[in-house]
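Read the numbers this way: they start at 1 and go in the same order the structure lists the ligands and their atoms.
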Amino acid sequence: MADTTKQVQQWTTRGDGLDNLSRSSAPMPTPGKNEVLVEIKAVSLNYRDTEVAMGLYNHHKSISKEEKPLVPCSDMCGVIVAVGPPQDDDDSSSPKWQKGDRVISTFIQSHLSGQITAADMAQGLGKPLEGVLQTYRVFPAQGLVKCPDYLTDEEASCLPIAALTAWMSLFPNGDAPDGEGGKKKKTVLLQGTGGVSIAALQIAKAAGYKVIITSSSDDKLKRAKELGADYGVNYRTEKEWQDKVMELTDNQGADIILEVGGAETLYKSLDCVAFGGTIACIGYVSGKEDAETQTRMNMNLLVLRRNVTLKGILVGPRDVFEGQMLPFYEKNGIRPVVDRVFGFEEGKDAFQWMFGSGKLFGKVVVRVS
Ligand SMILES: NC(=O)c1ccc[n+]([C@@H]2O[C@H](COP(=O)([O-])OP(=O)(O)OC[C@H]3O[C@@H](n4cnc5c(N)ncnc54)[C@H](OP(=O)(O)O)[C@@H]3O)[C@@H](O)[C@H]2O)c1
């Protein structure tokens, strides 16, 4: 059973800025039926976590805007230290965990399979649910997946959001990669060298795709090429990077674009996507709103022009994470790129480094215990 004499150490935010992230302690929770207590070993940060801490994560209508103290972050690797009372016989779908099992969290705890729903949006870790930047947390048994043995805690903590989002973007119809990039070797365009894009680079190369990646930094492009990227384009110096993408694809365009930029990048993506290609709409690091002064062709026309599919992505379900993505990672020996590891007491520094330093490449991790 849980050692209730111990206190849980945690970071909390009121959504009032990265400087105001603070440390506190809380009573040790006890797992109930179909629940387990996890000792958290490592937590990786996502762009979303910085938004939550700054009070800027407010574009999902179904998630409360209330800013009460909240433990941030959703992605962790840890070890089960206590299992709740025996599970109901009729709940055979719930995983049967044991003390000592190494586990990884899933972002939306209730999203087990298929299409995400409005109700699932209330089950995201690190807002609206209490997050994982703490030493212990109780999880429902179904909110965890088994950690592959070959990954370190830090590496495994990088997978729940960034890697699964990349996976769902590259294989939106569940078409399992065959290692040869499909019948026609597909070209993937990745924007920037953050968590999602670097995970996508690793997955796409293991799947046999051709990868074009953009970055604000030549050094980062060099690192991306060392990871297998076929072409790098500096979006700072090459402002019309969509033209370069067309040139690099013999004027065909990219078959799949992982659109993490948003306001400043989507229209350029629509100019360099292949006929019949897919733009996975993921993020908004360059802004959530278009500049008011811009007059441009209507989205309907832009999409029909090249017969494009715009596919909104909201991470992905547990069964794809566990049943498709993790086996693919293991088979191909993919190790997530951990750029920098901070100690638990340096939690605030980790957020500031992730958001403000401009140095990020891949993932930032906080070592918890
Ligand atoms: N929909 C979903 O399910 C989902 C899941 C995960 C993330 N997201 C969203 O996707 C976005 C990326 O997330 P992340 O965790 O990968 O972020 P991240 O690790 O913080 O990486 C952000 C990267 O974006 C690049 N960037 C910044 N401005 C850019 C621009 N104008 N054009 C191209 N690239 C630019 C930068 O790369 P360089 O330094 O190389 O320039 C930066 O490192 C965020 O908006 C996040 O909220 C959505």
Enquirer: What residue and atom, counting heavy atoms only, is the protein's closest point to atom 15 (O) of ligand 1, and at what distance?
Expert: Y47 N, 3.5 Å
Enquirer: Could you tell me whether ligand 1 has any atom less than 4.0 Å away from a heavy atom of R236?
Expert: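 In this structure, R236 fails to qualify as a contact of ligand 1 - no heavy atom is under 4.0 Å.
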Enquirer: Considering only the protein, which heavy-atom contact is closest to atom 47 (O) of ligand 1, and what is its distance?
Expert: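 So the nearest neighbour among protein heavy atoms is Y284 OH, 3.1 Å.
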Enquirer: Mark up the atoms of ligand 1 that fall under 4.0 Å of a heavy atom belonging to G192, in ascending order.
Expert: 25 (C), 34 (N), 37 (O), 40 (O)
Enquirer: Honestly, is K288 close enough over Y284, meaning NZ or CZ under 6.0 Å from the six-membered ring centre and within 45° of the axis?
Expert: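 Positive - K288 is close enough to the ring of Y284 and near enough to its axis.
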Enquirer: Which atoms from ligand 1 have a heavy atom of S286 less than 4.0 Å away?
Expert: 31 (N)
Enquirer: What atoms of ligand 1 come within less than 4.0 Å of a heavy atom belonging to M354?
Expert: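 The atoms of ligand 1 under 4.0 Å from a heavy atom of M354 are 19 (O), 20 (O).
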Enquirer: Take atom NZ in K311; do more than 12 heavy atoms of anything else shown fall under 6.0 Å from it?
Expert: no
Enquirer: Can you sort out which atoms of ligand 1 are near S215, meaning under 4.0 Å from one of its heavy atoms?
Expert: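 Contacts of ligand 1 toward S215, numbered from 1: 38 (P), 40 (O), 41 (O).
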Enquirer: Report the C-alpha distance between D75 and S157 in whole Å, list the side-chain angles of each, state the deciding distance to 0.1 Å, and finish with yes or no for side chain to side chain donor-acceptor pair (under 3.5 Å).
Expert: CA-CA 6 Å; D75 294 9; S157 75; over 6 Å; no
Enquirer: For the atom pair CE (M76) and CD (E39), what is the distance rounded to the nearest 0.5 Å?
Expert: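 Output value for this atom pair is 11.0 Å.
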Enquirer: Could you tell me which atoms of ligand 1, counted from 1 in the order shown, lie closer than 4.0 angstrom to a heavy atom of I313?
Expert: 1 (N), 2 (C), 3 (O)
Enquirer: Would you mind telling me which of K6, Q9, Q10, Q7 makes a side-chain hydrogen bond (donor to acceptor under 3.5 Å, both in side chains) with Y136?
Expert: K6
Enquirer: What atoms of ligand 1 come closer than 4.0 angstrom to any heavy atom of I161?
Expert: 5 (C), 6 (C)
Enquirer: Let me see the working for Q191 and T214 under side chain to side chain donor-acceptor pair (under 3.5 Å), right down to the final yes or no.
Expert: CA-CA 5 Å; Q191 299 173 345; T214 69; over 6 Å; no
Enquirer: Looking at D49 and K127, does any basic side-chain N land under 4.0 Å from a carboxylate oxygen?
Expert: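 Result for this pair is no, no salt bridge flagged.
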Enquirer: Checking the N or O distance criterion of under 3.5 Å, is ligand 1 in contact with R48?
Expert: no
Enquirer: Check for me whether R367 meets the cation-pi criterion with F342, that is, NZ or CZ under 6.0 Å from the six-membered ring centre and within 45 degrees of the ring axis.
Expert: no
Enquirer: Answer yes when D339 and R223 have at least one side-chain N-carboxylate O distance shorter than 4.0 Å, and no when they do not.
Expert: yes
Enquirer: Closer than 4.0 angstrom, basic N to acidic O: yes or no for R335 and E155?
Expert: yes
Enquirer: Taking all non-hydrogen atoms of both residues into account, name the closest pair between A224 and F361 and its distance.
Expert: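 Answer, listing the atom of A224 first, then F361: N-CZ, 3.7 Å.
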Enquirer: Starting from atom 3 (O) of ligand 1, find the nearest protein heavy-atom neighbour and note its residue, name and distance.
Expert: V315 N, 2.8 Å
Enquirer: Can you report which non-hydrogen protein atom sits closest to atom 28 (N) of ligand 1, along with the distance?
Expert: Y235 OH, 3.5 Å
Enquirer: Backbone, side chain, both or neither: what part of T265 comes under 4.0 angstrom of ligand 1, heavy atoms only?
Expert: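 Looking at T265 and ligand 1, just side chain atoms fall under 4.0 Å.
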Enquirer: Enumerate the atoms of ligand 1 whose separation from the nearest heavy atom of I282 is less than 4.0 angstrom.
Expert: 1 (N), 2 (C), 4 (C), 8 (N), 9 (C), 10 (O), 48 (C)
Enquirer: Any idea which protein heavy atom is nearest atom 21 (O) of ligand 1, and the distance to it?
Expert: G194 CA, 3.2 Å
Enquirer: Identify, for atom 10 (O) of ligand 1, the protein heavy atom at the shortest distance, and state residue, atom and that distance.
Expert: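 Minimum-distance protein heavy atom for atom 10 (O) of ligand 1 reads G283 CA, 3.4 Å.
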Enquirer: Decide if the gap between the ring center of W167 and the ring center of F321 is smaller than 6.0 angstrom.
Expert: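 Here the rings of F321 and W167 have centres that are no less than 6.0 Å from each other.
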Enquirer: Students should be able to answer this: which protein heavy-atom is nearest to atom 18 (P) of ligand 1, and at what distance?
Expert: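 It is L360 CD2, 3.6 Å.
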Enquirer: Which protein heavy atom lies closest to atom 39 (O) of ligand 1, and at what distance to 0.1 Å?
Expert: K220 NZ, 2.7 Å
Enquirer: Please identify which atoms of ligand 1 are closer than 4.0 Å to at least one heavy atom of S216.
Expert: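 Checking each atom against S216, I get 38 (P), 39 (O), 40 (O), 41 (O).
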Enquirer: Any N/O of V196 closer than 3.5 Å to an N/O of ligand 1?
Expert: yes
